Structure formats: structure tokens, C-alpha cells
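To keep things clear, I will list the structure first and then write my remarks on it.
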Amino acid sequence: MENKPVEKLLTEIESAEGEYFEADAVEIQQELARRASLYSGLGIKALSIAGGALAGVFFMTFLFSIGLNKSGTGMLVLGLACIAAALFLQRVINSLILDTAVISAYAIGHISFAAGLSHLHVDENFTALALCAISLASILLTESFMLVFIAVLVFNGGLLAFVLINDAHYFIFLLTAFLSITFTWVHLAESSILSGNRKLNILYNPVRAGLLFSFIGLLFVLAWRDFFVLHATPMWISSAIIIAAVMLVIQRILKTTPGISNKNHLLIYFFIFLLLLPCLFAPAIIGSVLILLLCFHTGHRSGLILAIMSFAFFVFLYYYDLGYTLLTKSAILFVSGLLFLLAWLVFKKQIKNYEKE
């Protein structure tokens with residue numbers, strides 16, 4: 001029963017494309033079965049990963065108990081060995097338990113590698129860039145969802161660490177631009193990426209998930225800028241970058257939305273700009289709006305849920321961090337609500353006009 005939709009789809013494509021269309025139905029079925037296995041038994045896999053994480057903690061505790069943590073060279077060699085072993089074993093094993101061990105070894109490898117360089121008093125900038133290089137190499141060498149996901153997190157975390165280590169707070173704008181543009185492009189170019197080649201098709205989901213969590217992590221840093229000593233950094237630059245990405249997404253959505261004339265496009269852009277303007281100094285809120293729009297537009301439900309949760313949290317944080325009186329805060333929320341209601345009325349009217357036509 002599961003094979004019939006695929007066979008029917010292949011038949012329809014073949015009838016449309018003609019005799020030049022060729023497809024390996026067996027290979028397609030095997031790939032679909034492999035993809036389905038990745039999402040089967042998610043509860044058991046989550047528990048296995050949690051168990052692997054605890055095992056990693058106990059393993060690191062064991063290393064501390066025997067004093068290996070005092071040897072920078074030992075920690076460095078152990079880290080590289082764990083990473084290399086994880087990248088090799090994930091290619092030859094097909095067991096949930098062993099896969100969990102591979103994930104734990106890969107994570108432990110990064111921690112041990114960084115700890116080893118720290119014990120050897122290697123420059124922190126080199127450590128951050130080395131972790132970025134290892135993560136990039138891992139993405140190219142592996143096809144494991146979790147390993148690629150961790151590698152993306154390590155890469156973006158290394159870039160953030162590079163900014164914080166050097167107190168180069170103005171470079172936070174470059175990181176904001178990199179993550180917002182990359183995250184937007186990955187979603188808007190989803191069909192082109194998935195149809196590119198097999199490697200891109202496999203890497204897409206873990207890279208997208210890694211970028212999602214990396215971007216949310218960066219938004220947390222921007223929201224708690226006092227904790228990360230970013231209070232002297234003008235946040236409106238990061239907000240302007242993200243607003244530009246939001247406008248790009250809105251432009252793409254309007255192209256695929258029927259019933260809205262070109263005349264009203266400018267009106268919609270104006271309303272959205274007014275809605276985002278009160279948050280000019282809160283890039284975390286605008287960033288969560290960008291995630292919300294992208295995940296809604298592409299139909300990624302897990303990202304949509306995370307976007308809603310992060311949006312609610314950042315609004316709550318922004319509301320209580322504002323250095324205004326309660327009356328001013330209430331006025332901001334009141335005006336924002338009116339603009340949302342007005343935008344909804346305009347959209348509803350346009351849809352009715354389209355249905356009449």
C-alpha cells in the first residue's frame with residue numbers, strides 16, 4: 001500500500017515527460033524507507049540520545065578522575081580520535097544503540113579537542129576557528145542527521161565565540177547578517193536545493209535544523225546583550241538587517257498569494273514596517289518574526305512551534321526590559337494591536353474581492 005502513491009506519481013511523471021524520463025523505482029523506494037526509518041520510534045531515539053549524553057557525562061567524569069584532563073596533549077589526541085572514529089563508524093553501522101554512541105563520541109570529541117587546546121594555552125581565536133574548520137569538514141564527510149546538526153551548531157557557535165573572545169561586538173552584525181541571510185535562503189530555495197543532487201538532499205534537513213537553533217541562539221544573545229556585555233552595541237543595525245530579510249520573505253509570499261493587486265503591495269510593506277518599527281531596538285523579536293514567516297511559508301511545523309515560543313518569550317522579555325512607564329508600554333502594545341487588526345481587515349477585504357472575481 002505504501003508503494004502505490006510513489007508508483008502512481010512516477011507513472012504520471014513518465015506520461016508527462018515522455019519516453020526520455022527514467023527513474024530507478026527500487027532505489028527510490030529504498031531511499032524513502034531509509035528516510036522513514038529516521039523518523040520512526042522518535043521517542044525511543046530521544047531516550048537513546050539522552051542516554052548517550054549521560055554516558056558522555058560519565059565518560060568525561062572518568063577522564064577527570066584519572067587525571068587525563070590535566071594533559072593537554074592527551075585531551076587533544078582523544079578529541080581528534082573521537083571525532084575521526086565517529087565520522088568513520090557512522091558510515092558502517094546501522095544500529096540505534098551504536099548510532100547513539102557515535103553521536104556521544106562526536107560531541108565528546110569536540111569538547112575534548114577544545115579542552116586540550118585550552119590546556120596547551122593555544123590562542124582562543126585559533127581554537128574557535130579550528131572548531132569551525134572541523135565542523136565544516138564533518139558536514140562534507142558525513143551524512144548522519146545528528147552529526148551534521150551538531151556540526152552546524154559548532155560552526156556557528158565558533159563564529160559567535162570568535163566575536164565574544166575579541167570583544168568585537170560590532171562584528172555581531174556580520175554574524176546576524178550571515179545567519180539571517182543563510183537561513184532565509186535555505187528556506188526560499190528549498191526546492192532548488194532538494195533537486196540539486198543526492199548530497200544536498202540529505203544535508204538539507206540537518207543543516208536547516210542547525211541553522212534554526214543557531215539563529216534562535218543568536219537571538220537569545222541579542223536579547224540578553226547586557227549579560228554578554230553587548231550593551232554598548234547599537235542593536236538597530238541588527239534589526240535593520242533582519243527587517244530587510246523579512247521584507248524579502250513578504251515579497252516572496254505576496255507573489256504566491258492570489259487576490260492582492262500590485263497597488264496594495266506597497267501598503268502591505270508599509271504596514272509591516274510600522275509593526276516592526278517599535279521593535280527596532282529588539283532584534284530578537286524581529287528575528288522570531290522572520291523564523292515564523294519562513295517556517296509558515298515552507299510548512300515546517302517544528303520550526304513554526306519554536307518560532308511562536310521564542311516570539312512569546314522575546315516579547316515578554318522586551319516588555320519588561322523597556323525603560324518606559326507602564327502607560328507608554330501599554331500604548332505601544334495597543335497601537336501594535338490596532339495595526340494587526342487593520343492589516344487583517346485589509347487582507348480579508350482583498351480575499352473577498354478575489355473570490356467575487
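Numbers for residues simply follow the sequence, beginning at 1. From a predicted model like this one, the values you see are computed outputs, not experimental measurements.
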If we ignore hydrogens and angles and just use 3.5 Å, is the side chain of S239 paired with the main-chain N or O of L280 as donor and acceptor? yes
Point to revise | Candidate pair Q90 and T142, rule side-chain hydrogen bond (donor to acceptor under 3.5 Å, both in side chains), full reasoning | key: CA-CA 8 Å; Q90 66 85 27; T142 185; 3.1 Å; yes
I'd like to know if the side chain of S118 and the backbone of A114 have a donor-acceptor N/O pair within less than 3.5 Å. no
* Count the heavy atoms belonging to other residues, nucleotides or ligands that lie under 6.0 Å from CD of E190, then report whether that count exceeds 12. => yes
Practice item. Taking S112 for its side chain and G109 for its backbone only, find out whether a donor-acceptor pair lies under 3.5 Å. Key: no
Exercise for the section: Determine the interplanar angle of the Y204 and H300 rings, folded into 0 to 90°, and report it as parallel if under 30°, tilted if 30 to 60°, perpendicular if over 60°. Expected result: tilted
Cluster membership besides L129, Ile/Leu/Val/Met/Phe/Trp/Tyr side chains within less than 4.5 angstrom, sorted by chain and number, is F162
**Prompt:** Do L276 and I285 come close enough that some side-chain heavy atom pair is under 4.5 Å?
**Reply:** no
Next on the checklist: Is there a continuous path of hydrophobic side-chain contacts, each under 4.5 Å between heavy atoms, that joins I193 to L136?
Outcome noted: yes
Correct closest heavy-atom pair for L219 and A284 would be O-CB, 3.5 Å
query: For L188 and H297, what are the C-alpha separation, side-chain angles and deciding distance, and is it a side-chain contact (heavy atoms from CB on, under 4.5 Å)?
result: CA-CA 9 Å; L188 296 183; H297 180 58; 4.1 Å; yes
| request: Specify whether F183 and F215 have parallel, tilted or perpendicular ring planes, treating 30° as the upper limit for parallel and 60° as the lower limit for perpendicular. | output: tilted
**Joint hydrophobic cluster, L194 plus V152, side-chain heavy atoms closer than 4.5 Å** = yes
_If you count heavy atoms of other groups shown closer than 6.0 angstrom to CE of M309, is the number above 12?_
no
Inset, instruction - Answer yes or no: are there more than 12 heavy-atom neighbours, outside F296 itself, under 6.0 Å from its atom CZ? - result: no
Review point. Counting only N and O atoms by type, is there a donor-acceptor contact under 3.5 Å from the side chain of S180 to the main-chain atoms of A177?
Key: yes
Would you say I83 and F126 are hydrophobically clustered, going by side-chain heavy atoms of ILVMFWY under 4.5 Å?
yes
Mind checking whether Y106 and H110 have parallel, tilted or perpendicular rings, split at 30° and 60°?
perpendicular
